[in-house]
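Reading through the structure tokens given below for one structure.
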Amino acid sequence: MTEIASAPTPAHRPARRWDPVVKLTHWSVVIAVIANALFTEEGSGTHVWIGYALAAILVLRLLWGLIGPAEARFTAFPPSIGRALAHLRDIRSGRHVEHRSHNPLGALMVYAIWSCLGAVIASGIAMAGLPGQARNERSDTAVSASTEIERGEDADEGDEGGEEEGALGEIHEVAVNLLYLLIALHVAGVVFETRRSGREVVLAMLPGQR
Amino acid sequence: MQRRHLSLQRKAAALTMVVAMQAVAALFFILDLAGDLLAEGFGAHLAAESAAVVALLAGVVIGAFQIRALVLSARQDEAAVAMARGVAAELVRLRFGEWKLTPAEADVALFALKGCDVAEIAALRGAASGTVRAQLARVYAKAGVGSQSALLGAFLEDLIDPALHATQCSETEA
């Protein structure tokens, strides 16, 4: 019995897929970013509500980073420059090391994208206000328009409010552009890793089992 | 057994969608509540709303734990089946080699192990049933067994814990 158990069994280990929470949050973020980048009007009600939904999805993913299965947890992919450099050396020397979670470069990308999303969401909510307030203020025109009108009325109190809004808008804009850059790098990274290590990188994130 | 991990995975995926929607709803409620609090201060109505928010959040967290349990048990199931398969395949290979079965006999023996009768094996191999019956007879002779169930038993004996096997045999004898 023992010799059978220790005999070299065919090493067909099923390719590890990401769990459903990782997949769903990933693709929800993709859909939300595409929707708000291309289809909704900036500052419109839809744009803002999609932003709130995106915030909830991000929070769910962060919760999953604490309680999810081993490879989805933060501890499985700590942000580490040292590891990323080691990974780069592996790439240069053509060495393949199996990573059960994100590879070290991918891990840095994950944290960069999350931070960027956080900045976009925070600045967006700061501009749009809370739903209760926004709903009271919003007529059929965009939120930003109505807040601008309000700012205009308050103008004699000083220009601070307007400047604040402008600064938030600036942060939102810069963070979003940085996000686009990171997404482009992320896609490039996936293409590169697929060429280097095979289709499993992409298959692991696709919906469905097997 | 084989499809159990798939059904567990489907359950996990369905629950994930519910939990994600709950998370979105919870955030909307929290923001709405925060807005109302700033606008009108705390009252009985908002107290009830806060309780609803707490319940939603608890649902999200408990749901997430449940998803993890489903994901992990699906994986465990998958791993157990894969390991059992590997061991069973190895055992079949070893025994067939030991009995010096010819490739055709090994093929027939494998179908017999899977529970096919002579007619089914003949149809699967595109052979006459007389041929298959003769091949099976040679397999039984080489394995030192008298029937299809005894052939299966020869494998199960190795796969089942010997201690358990011994106690159950003695119980039936007694």
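Computed from a predicted model, the values in this text were never measured in an experiment. Numbered from 1 within each chain, the chains take letters A, B, ... in sequence-line order. Below, each value reflects all heavy atoms present in this structure, side chains not excepted, and no hydrogens, waters or symmetry copies.
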Can you establish whether the number of heavy atoms outside [X] located under 6.0 Å from its atom [atom1] is more than 12?
X       : atom1 : answer
A:Arg83 : CZ    : no
B:Met17 : CE    : no
A:Phe77 : CZ    : yes

As an exercise: rank B:Ala23, B:Ala64, B:Ala25, B:Ala12 by heavy-atom pairs under 4.5 Å with chain A and give me the winner.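 The option with the most such pairs is B:Ala64.
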Proximity breakdown for B:Ile67 and chain A, heavy-atom pairs closer than 4.5 Å: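 Both parts, backbone and side chain.
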Which atoms of A:Ile67 come close to chain B, meaning under 4.5 Å heavy atom to heavy atom: side chain ones, backbone ones, both, or neither?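 Answer is both: backbone and side chain atoms of A:Ile67 are under 4.5 Å from chain B.
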To the nearest 0.5 Å, tell me how far A:Tyr52 OH sits from B:Ile30 CD1.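 Here the rounded value is 12.5 Å.
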Drop me the distance from B:Leu27's CG to A:Ile121's CD1, to the nearest 0.5 angstrom.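 Taking CG in B:Leu27 and CD1 in A:Ile121, the distance rounds to 9.0 Å.
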Do you know the tightest heavy-atom contact between A:Pro69 and B:Arg75?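 Distance-wise, the nearest heavy atoms are CB-NH1, 3.9 Å.
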Show the nearest heavy-atom pair for residues A:Leu60 and B:Ala20, with the distance to one decimal.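 For A:Leu60 versus B:Ala20, the nearest heavy atoms are CD2-CA, 3.8 Å.
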Salt-bridge present (A:Arg17, B:Glu78; N to O < 4.0 Å):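 So A:Arg17 does not pair with B:Glu78 through a salt bridge.
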